[in-house]
Amino acid sequence: MSFEKKILCIGAGYVGGPTMAMIAKKCPQYQIKVVDINPARIDAWNSNELPIYEPGLKEIVENVRGKNLFFGTDIDESIKEADIIFVSVNTPTKTFGFGAGKASDLQYIEKTARNILAASDRGKIVVEKSTLPVRTAESMERILNGNDKGMRFQIVSNPEFLAEGTAISDLENPDRVLIGGHPSEEGLAAVEEITKIYANWVPREKIITTNLWSSELSKLTANAFLAQRVSSINSISALCEKTGANVDEIANAIGKDSRIGSKFLKASIGFGGSCFKKDILNLVYLCEHYNLPEVADYWENVVKINEWQTTRSVKRVLRSLFNTITGKKIAVFGFAFKADTNDTRESPAHLVVRELLDERAIPVITDYKALPDAKRDLSDVLDKVQFTEDPYEAAKDAHAILLCTEWKQFAALDWQKIYDLMSKPALVFDGRNILDGEKLKKLGFEFMSIGKA
Ligand code: UDX
Ligand code: UDX
């Protein structure tokens, strides 16, 4: 069968994999290929055990894989064949040199651009899917269009707004699709090419087109605003604990104001995930670069409050356990950064475990999907941490449970049985406000949660 278009995605991660699976599902007329430098990851995409857990993803992949969706490591050949190339490689925070700890490390983006140039024999549309600092497309263009083979590439920015755990429904029914390009004739044509892909299932009025820089900066801004809401409600949670107000009641009351809205007001032990911290720090770096220190400070505090929220939670537990947890078993319920994912990047649970270790406690971690990633993250301290798939086993002889991930299954556990298994006084710290505290207190637990006296 011949396909209408050949689309390639470089980077088979949490963004590239699900996004391409959805395009393949909605557009049987296109051939979709996903490549990655990591052969183990590609093998996993071609197996029954996908490398990422995302509700609904496996069913889609199994339906389209081998028909119009392909995973491979033949990067050069795939680049040569492709008409449109999505770039979805990771852009971690720089750990060295200028901007270390804040700026994005763009080495993979640059390498990918050079790779595209070297393997191409004609111009193509290159789509930035990764979240990037504003004006990255300019560097991509310099690399790609500085060739002497007469090839012209068009760069388009198309940031992905899916959230993990709900990726499939977010992709299927997005609030909006954002596509940025140059206002030139060629630029507008490239934007229209990408628009046509999404128009196979997304209503045109939800597809927003902008200039390149607005598109790049919108992604950073969206993540900064979302994270800011969590930090704002978390800052109020601390005041609630001092005053007898209840943060869940406040979130409900303010969320009813349509100007504020009810989403992203859930107080928690802290936000995690690969994007929020990285993108805000990137925004901070950009503001510093453009000599806007006040703006940089404003946003940096969103990250500071988040770390403070996690640390102060561990301190509250410590105080409740007579200021010493040395040698005590402490169960950590959930290591993923949120429910319904195996992703642990920047998870607040990771900081919790490190702080428990600093106090020489014995953390016992349980999670429904994230134990393999947890073991990888804690590989330097594996002799000091325990892991179990069974929450009851994690609770056995524990002095406290710190609930860090809002897995629904935790609320449905047999808490009487857990109480019986634990050391007394059995403390539960609900870092996600998902448990029925009154019920737990009746069972005999000491109970603490976020933003309630
Ligand atoms: C990444 C970025 O973190 C995010 O900012 C951006 O919005 C989308 O891309 P994610 O998909 O979650 O998000 O990252 P990750 O799961 O790490 O996937 C990136 C993949 O790219 C990895 O599988 C990696 O092996 C691959 N890669 C990286 C390449 O194929 N080539 C490279 O040169 C570098
Ligand atoms: C986020 C953005 O939502 C998405 O648009 C972007 O593409 C990538 O970054 P993600 O990191 O997958 O997505 O998850 P998200 O649902 O935004 O949650 C981020 C963190 O905030 C999680 O740790 C979550 O538990 C926490 N959170 C979220 C809260 O603590 N309270 C809330 O009310 C909402």
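Since the model is a prediction, treat every value here as computed from it, not as a measurement. In listed order, ligands and their atoms are each counted from 1.
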Mark up the atoms of ligand 1 that fall under 4.0 Å of a heavy atom belonging to [X], in ascending order.
X      : value
Thr91  : 5 (O)
Asn38  : 25 (O)
Tyr108 : 33 (O), 34 (C)
Gly13  : 11 (O), 15 (P), 16 (O), 18 (O)

(message) Would you say the rings of Trp407 and Phe335 are close, in the sense that their centroids are separated by under 6.0 Å?
(response) no

Do the side chains of [X] and [Y] get close enough for a salt bridge, i.e. N-O under 4.0 angstrom?
X      : Y      : value
Asp380 : Arg354 : yes
Arg204 : Glu192 : yes
Asp74  : Lys33  : yes
Lys25  : Glu59  : no

(message) Are any of the N/O atoms on Asp36, whether in the backbone or the side chain, positioned under 3.5 angstrom from an N/O atom of ligand 1?
(response) yes

Contacts table for ligand 2: protein N or O within a distance under 3.5 Å of ligand N or O, distances only.
{"from": "ligand 2", "atom 1": "5 (O)", "to": "Phe161", "atom 2": "O", "distance (Å)": "2.6"}
{"from": "ligand 2", "atom 1": "7 (O)", "to": "Glu160", "atom 2": "O", "distance (Å)": "3.1"}
{"from": "ligand 2", "atom 1": "7 (O)", "to": "Leu162", "atom 2": "O", "distance (Å)": "3.0"}
{"from": "ligand 2", "atom 1": "7 (O)", "to": "Lys219", "atom 2": "NZ", "distance (Å)": "3.1"}
{"from": "ligand 2", "atom 1": "12 (O)", "to": "Glu164", "atom 2": "N", "distance (Å)": "2.7"}
{"from": "ligand 2", "atom 1": "14 (O)", "to": "Lys338", "atom 2": "NZ", "distance (Å)": "3.3"}
{"from": "ligand 2", "atom 1": "16 (O)", "to": "Lys338", "atom 2": "NZ", "distance (Å)": "2.7"}
{"from": "ligand 2", "atom 1": "23 (O)", "to": "Gly272", "atom 2": "N", "distance (Å)": "2.9"}
{"from": "ligand 2", "atom 1": "23 (O)", "to": "Phe337", "atom 2": "O", "distance (Å)": "2.8"}
{"from": "ligand 2", "atom 1": "25 (O)", "to": "Arg432", "atom 2": "NH1", "distance (Å)": "2.6"}
{"from": "ligand 2", "atom 1": "30 (O)", "to": "Ser268", "atom 2": "OG", "distance (Å)": "2.6"}
{"from": "ligand 2", "atom 1": "31 (N)", "to": "Lys266", "atom 2": "O", "distance (Å)": "2.9"}
{"from": "ligand 2", "atom 1": "33 (O)", "to": "Leu265", "atom 2": "N", "distance (Å)": "3.3"}
{"from": "ligand 2", "atom 1": "33 (O)", "to": "Lys266", "atom 2": "N", "distance (Å)": "2.8"}

(request) Tell me, please, whether Tyr53 has Lys369 positioned over its six-membered ring: NZ or CZ under 6.0 Å from the ring centre and within 45 degrees of its axis? (result) yes

(message) Checking Asp76 against Asn115: is there a side-chain donor and acceptor pair closer than 3.5 Å?
(response) yes

(request) Determine whether the side chains of Glu54 and Thr166 contain a donor N or O and an acceptor N or O closer than 3.5 Å. (result) no

